[in-house]
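Since the structure is predicted, the reported quantities are computational estimates derived from the model, not experimental observations.
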Amino acid sequence: MSGGVDSSVVAQLLNKAIGKKLYCIFVNTGLLRKNEEVQVVQTFKKRLKMNLIYVNAEKEFLKKLSNVSDPEKKRKIIGNLFIKIFDRYAKKIKDVKFLAQGTLYPDLIESRSVTGSQTSKIKSHHNVGGLPKKMKLKLVEPLKFLFKDEVRKLGLELNLSKDIISRHPFPGPGLAIRMPGLITDEKIKILKEADYYFIQALKDHGLYHKIWQAYAALLPVKTVGVMGDNRTYEYLCLLRAITSEDGMTADFYEFKKSFMETISNKIVNSIRGINRVVYDITSKPPSTIELE
Ligand code: XMP
């Protein structure tokens, strides 16, 4: 369980069906949005009273990812470590026979090339087909023929709050694929702050629900700027906000200049480590939604 729309809907569906026989494992990879781990525990453990096992694996992920900058390597490392940690905790629960996942239809097709050739695969999604054979768990994927809008409708039927149902999608590899190049503790901290201000501004300006997905990314480039009378030499922050039906194709969202000015000033003035903000104006295709 990640706390995102898909796994939340699966969890609630199973919660209604099998109640306390359901165990949700939530792994904090250290690559989540700011305060995400607090909110997930609050919602699912405290409010919805689910059996939620919280695993803090921040250090383990960061260690495995040090010195890795290739996008596919990052995805593979995160996917494999995720499974390893998940397995470690799943084994502690007695007599488990099934593993439920929030795989959607687009996850399946985007990770599988249309022609069947491995080379034309776009990205390896970390929530698809990574289950090691030795786990011997039968997969339960109730959403695998649904698109996001259908999953949201199902969530509403299951009485999940609008807050949970209308959240933007967030990828399993998290901030790692929004930080091209090397991943460091310092960069994660900077990115979490920038992303937080951006998402908060979207909410404050009533834009969050008009946008299918939005995030901040940190580019591995430093540029020169000026703060007061001093020269700065800091990272470049990229903002991406898109409209989409299902994540398969996307258009960039057209903000008013005043909003862009507000968020750019907020980020540069509040965060040490960023002195320039750019907006991604590419659609999908030819770009993808995530940077890596
Ligand atoms: P792309 O970047 O392929 O993203 O255009 C399409 C949608 O998929 C999400 N995404 C992922 N979701 N695990 C996930 O659960 C992943 O590894 C992953 N990679 C991309 C992305 O955020 C967008 O919504």
Side-chain angles (χ1 to χ4, degrees), residues 1-58 60-61 78-79 81-105 107 125-132 135-175 199 203 208:
M1 127 90 59
S2 70
V5 181
D6 313 336
S7 63
S8 301
V9 170
V10 172
Q12 181 71 336
L13 189 64
L14 294 182
N15 191 29
K16 298 238 173 199
I18 62 170
K20 288 289 177 197
K21 286 188 196 164
L22 168 72
Y23 290 83
C24 299
I25 301 180
F26 170 63
V27 180
N28 178 2
T29 58
L31 300 162
L32 304 173
R33 287 200 143 114
K34 185 177 167 177
N35 293 336
E36 184 71 15
E37 65 277 13
V38 180
Q39 281 164 19
V40 170
V41 172
Q42 181 67 33
T43 305
F44 294 95
K45 199 179 179 96
K46 306 240 164 88
R47 193 149 58 80
L48 295 174
K49 311 270 182 243
M50 290 189 194
N51 283 325
L52 181 80
I53 300 164
Y54 172 70
V55 183
N56 185 352
E58 282 182 86
E60 232 173 313
F61 276 89
I78 294 168
L81 183 57
F82 190 92
I83 288 163
K84 211 172 119 187
I85 292 172
F86 180 87
D87 190 31
R88 199 188 293 159
Y89 283 82
K91 271 188 190 142
K92 295 184 187 181
I93 311 164
K94 284 207 180 94
D95 300 327
V96 178
K97 294 196 182 71
F98 300 94
L99 170 68
Q101 283 189 319
T103 314
L104 303 196
Y105 192 56
D107 298 335
H125 275 210
H126 109 282
N127 50 357
V128 179
L131 185 72
M135 266 172 91
K136 291 194 183 116
L137 296 177
K138 260 182 110 170
L139 264 189
V140 177
E141 295 180 305
L143 313 181
K144 83 172 167 190
F145 294 119
L146 301 186
F147 284 95
K148 201 79 166 191
D149 57 323
E150 296 170 315
V151 174
R152 291 196 160 118
K153 279 187 199 149
L154 177 59
L156 282 180
E157 291 286 324
L158 292 167
N159 291 326
L160 281 173
S161 72
K162 190 166 176 248
D163 255 11
I164 297 174
I165 289 311
S166 54
R167 304 186 85 186
H168 290 174
F170 186 77
L175 301 184
I199 299 299
K203 288 180 178 166
Y208 185 84

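Side-chain contact check for Phe170 versus Asp6: every heavy-atom pair is 4.5 Å or farther apart. Using a 4.5 Å heavy-atom cutoff, the side chains of Ile53 and Ile93 are in contact.
In terms of the ring pair (Phe, Tyr, Trp, His ring centres under 6.0 Å) criterion, residue partners of Tyr105 (sequence neighbours excluded) are, by chain and number, Phe147. In this structure Tyr54 satisfies the side chain to side chain donor-acceptor pair (under 3.5 Å) test together with Asn28, sequence neighbours excluded. Glu36 is linked by a salt bridge (charged side-chain N to carboxylate O under 4.0 Å, His left out) to Arg167, counting only residues two or more places apart in sequence or in another chain. In this view, Gln42 satisfies the side chain to side chain donor-acceptor pair (under 3.5 Å) rule with no residue, not counting sequence neighbours. With sequence neighbours left out, Lys203 forms a side-chain contact (heavy atoms from CB on, under 4.5 Å) with Ile199, Tyr208. Not a single salt bridge (charged side-chain N to carboxylate O under 4.0 Å, His left out) links Glu150 to another residue, sequence neighbours left out. In this structure Ser7 satisfies the side-chain contact (heavy atoms from CB on, under 4.5 Å) test together with Met1, Ser2, sequence neighbours excluded. In terms of the salt bridge (charged side-chain N to carboxylate O under 4.0 Å, His left out) criterion, Arg152 has no residue partners (sequence neighbours excluded). When the side-chain contact (heavy atoms from CB on, under 4.5 Å) test is applied to Ser8, the partners found at least two apart in sequence or on another chain are Phe44, Leu160, Ile164.
Residue pairs meeting the side-chain hydrogen bond (donor to acceptor under 3.5 Å, both in side chains) criterion with at least one partner in residues 43-53, sequence neighbours excluded, are absent. Applying the salt bridge (Lys or Arg N to Asp or Glu O under 4.0 Å) test to every pair with at least one member in residues 17-34, sequence neighbours left out, gives these pairs: Arg33-Asp195, Lys34-Glu193.
From Arg88, atom CZ reaches atom CD of Glu60 across 4.5 Å, with rounding to the nearest 0.5 Å. Note: Leu139 CG to Lys144 NZ = 7.5 Å, rounded to the nearest 0.5 Å. Once rounded to the nearest 0.5 Å, the distance linking CG of Leu146 with OG1 of Thr103 reads 11.0 Å. Annotation: the span from Lys136 atom NZ to Leu99 atom CG amounts to 15.5 Å, rounded to 0.5 Å. Atom CG of Leu104 sits about 10.0 Å away from atom CD of Glu141, to the nearest 0.5 Å. Between the OG1 atom in Thr29 and the CZ atom in Phe61 there is a gap of 5.5 Å [rounded to 0.5 Å].
Across all their heavy atoms, Val27 and Ala57 have their closest contact at CG1-CB, 4.1 Å.
When the options Ile85, Leu52, Val55, Asp87 are evaluated for a side-chain contact (heavy atoms from CB on, under 4.5 Å) with Ile25, the one that passes is Val55.
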Listed pairs under 3.5 Å, donor-acceptor, residues 9-18 side chains, sequence neighbours left out:
residue, atom, partner, partner atom, Å
Gln12, OE1, Asn15, ND2, 3.4
Gln12, NE2, Leu158, O, 3.2

